[in-house]
2 protein chains.
Amino acid sequence: MQVASWNVNSVRTRLGHVTDWLKDNPDVDVLCLQETKVVDTDFPKAPFEELDYHVYIYGQKAYNGVALISKAPLEEVRMGFGAILDQETVGDLDDQKRVISAVLDGVRILNLYVPNGSSIGSEKYAYKLRWLAVLKQYLSKTLEETTKLNVCGDFNIALENKDIYTDEKRDKHIMSSPTERETLAEILTIGLADAFRKFTDAGGHFSWWDYRAASFRRNMGWRIDHHYLSPELYEQATRCWIDIEPRKLEKPSDHTPVIVEY
Amino acid sequence: MQVASWNVNSVRTRLGHVTDWLKDNPDVDVLCLQETKVVDTDFPKAPFEELDYHVYIYGQKAYNGVALISKAPLEEVRMGFGAILDQETVGDLDDQKRVISAVLDGVRILNLYVPNGSSIGSEKYAYKLRWLAVLKQYLSKTLEETTKLNVCGDFNIALENKDIYTDEKRDKHIMSSPTERETLAEILTIGLADAFRKFTDAGGHFSWWDYRAASFRRNMGWRIDHHYLSPELYEQATRCWIDIEPRKLEKPSDHTPVIVEY
DNA sequence: GCTGCTGCAG
DNA sequence: CTGCAGCAGC
């Protein structure tokens, strides 16, 4: 089974890229999309259904939005933190559509778009940390019911120095600050491990390159899109890789797909 | 000597089209641009200067804006009505940057972007008529000092029925209403004649096609961009034509160049 | 409708 | 550098 994660930065603008990629990657069973940037009524379901995929969406206008594109029908589809956490815990966090999950062949696939956080100390940064605190509760509760969990998506955090093209300003940069790293590392202690690092020790592998400053051409990237697996799945994992080809296309997303196989 | 008029609908968005067109039309001495939509500090002068043109600009943020692009340096450059009319007459009309003129080889080239007027009876329509009243004074005063005057630009008025693709709703449509036509015709009585009509009697020649309803493909156009010449220049005129090629490009302006030669 | 701009977000 | 909303113009 293969699961892919791809922040497409607007599913409508990137529709051709995404359907082309699915055609080129017929072994991918579930494609997890982030930043679809579209309300559910306007999501282009037909192009995927015509390729015999099932589509599960949780979107909003202009920002955020997540989706699951699957060859087989999915079970137990859940949208938002509120699906399993009480309202008091969730608060307003589900106003932004960042969480969708479902089960395929006994594996819960959990697709996330973690807040970016803007800059250290900003209001959006506080939101990111608050969101991650609730995420931990959400994942803990999920792990109470399943031993096969694949948490993937755009985490907007690069855990290790080798996951970033440079060491400059690292500690003060959003996505690599000590607090963010510690927060994510702490979440993973509940029983999740990075599928990519099971197979690849080297740095220089990235999943996101800023649109600015020609950073893709200069390979000034970050590895911020991840597949985190529960122990049982981690054991079963046979591959995890980044496909940089879509980032080379005309008008690409700034992210590129990350695929795990188990 | 050749003078061209082109409403480019954003000189920054159309920069490639404009420089390409200049390269393809090396005999054009002065290119008059309208709707440059950029403040003077942000006008892309360098690409024109690298092609050895001189650039004279009178712009504002987001709306309107006119410019003169010239192979030779221009003399007596004037911006706005206020350059020769008293402030009492001009009022607030120079808040919108719609008038620039200069002299080349004894010919005053006067580049206009006449207000569109939105719809008959609207506030913008009243502004258009008020603007045209002041234009008449401005042109009269200009004709007191020169016998060689080339007034060109986007007039947002089609003087004759054959200058529009259809007769439908003509009288109630902005750009072809009787009042607008009479107002422009009255202005021309001070001593200006349509260079295009010296050479071409037929209808079906247009300079503007709405972006909507595939109107260019269906040739649903209007001839609203003009060169009006003082008698001496009109006598000397050897050609006047519309180049529809730029309207066929990707992401074109809705207008296309009109060129006069004398 | 179709485009361009501002302003925001990433 | 890109996408979107909201606006304005035509």
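Predicted, not measured: the structure shown is a model, and the values here were computed from it. Naming: A, B, ... by sequence-line order, numbering from 1 per chain.
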**OP:** Answer yes when B:Asp194 and B:Arg223 have at least one side-chain N-carboxylate O distance shorter than 4.0 Å, and no when they do not.
**Re:** yes
Original post:
B:Trp208 CH2 to C:dT3 C1': how many Å, rounded?
Top reply: 12 Å
Subject >> Pairing of B:Asp163 and B:Arg181 as salt bridge, 4.0 angstrom limit >> reply: no
Original post:
Is the side chain of A:Asp94 donor-acceptor paired with the backbone N or O of A:Gly82 at a distance under 3.5 Å, no angle test?
Top reply: yes
**OP:** May I ask you to verify if any side-chain N or O of B:Lys251 is less than 4.0 angstrom from the OP1 or OP2 atom of C:dG4?
**Re:** yes
Original post:
C:dA9 phosphate, OP1 or OP2: any side-chain N/O from A:Lys124 under 4.0 angstrom?
Top reply: yes
**OP:** Please tell me if the side chains of A:Ile174 and A:Ile120 come closer than 4.5 Å, counting only heavy atoms from C-beta onward.
**Re:** yes
Original post:
Does the separation of the ring centres of B:Phe81 and B:Trp131 fall below 6.0 angstrom?
Top reply: yes
**OP:** Compare every heavy atom of A:Tyr138 with every heavy atom of A:Ser101, then report the nearest pair and how far apart it is.
**Re:** OG-OH, 3.9 Å
**OP:** Identify whether any heavy atom of B:Asn116 sits under 4.0 Å from a base atom; if not, whether one sits that close to sugar-phosphate; answer base, sugar-phosphate or nothing.
**Re:** sugar-phosphate
**OP:** Identify the heavy atoms of B:Phe216 and B:Ile244 that sit nearest to each other, and give their distance.
**Re:** CZ-O, 4.2 Å
Original post:
Looking at DNA chain D, which of residues 4-16 of chain A put a heavy atom within less than 4.0 Å of it?
Top reply: A:Asn9, A:Ser10, A:Thr13, A:Arg14
Subject >> Test of ring centre spacing under 6.0 Å for A:Trp6 and A:His17 >> reply: no
Subject >> Where chain B begins and ends its contact with DNA chain D, read 5' to 3' at 4.0 Å from heavy atoms >> reply: D:dA8 to D:dC10
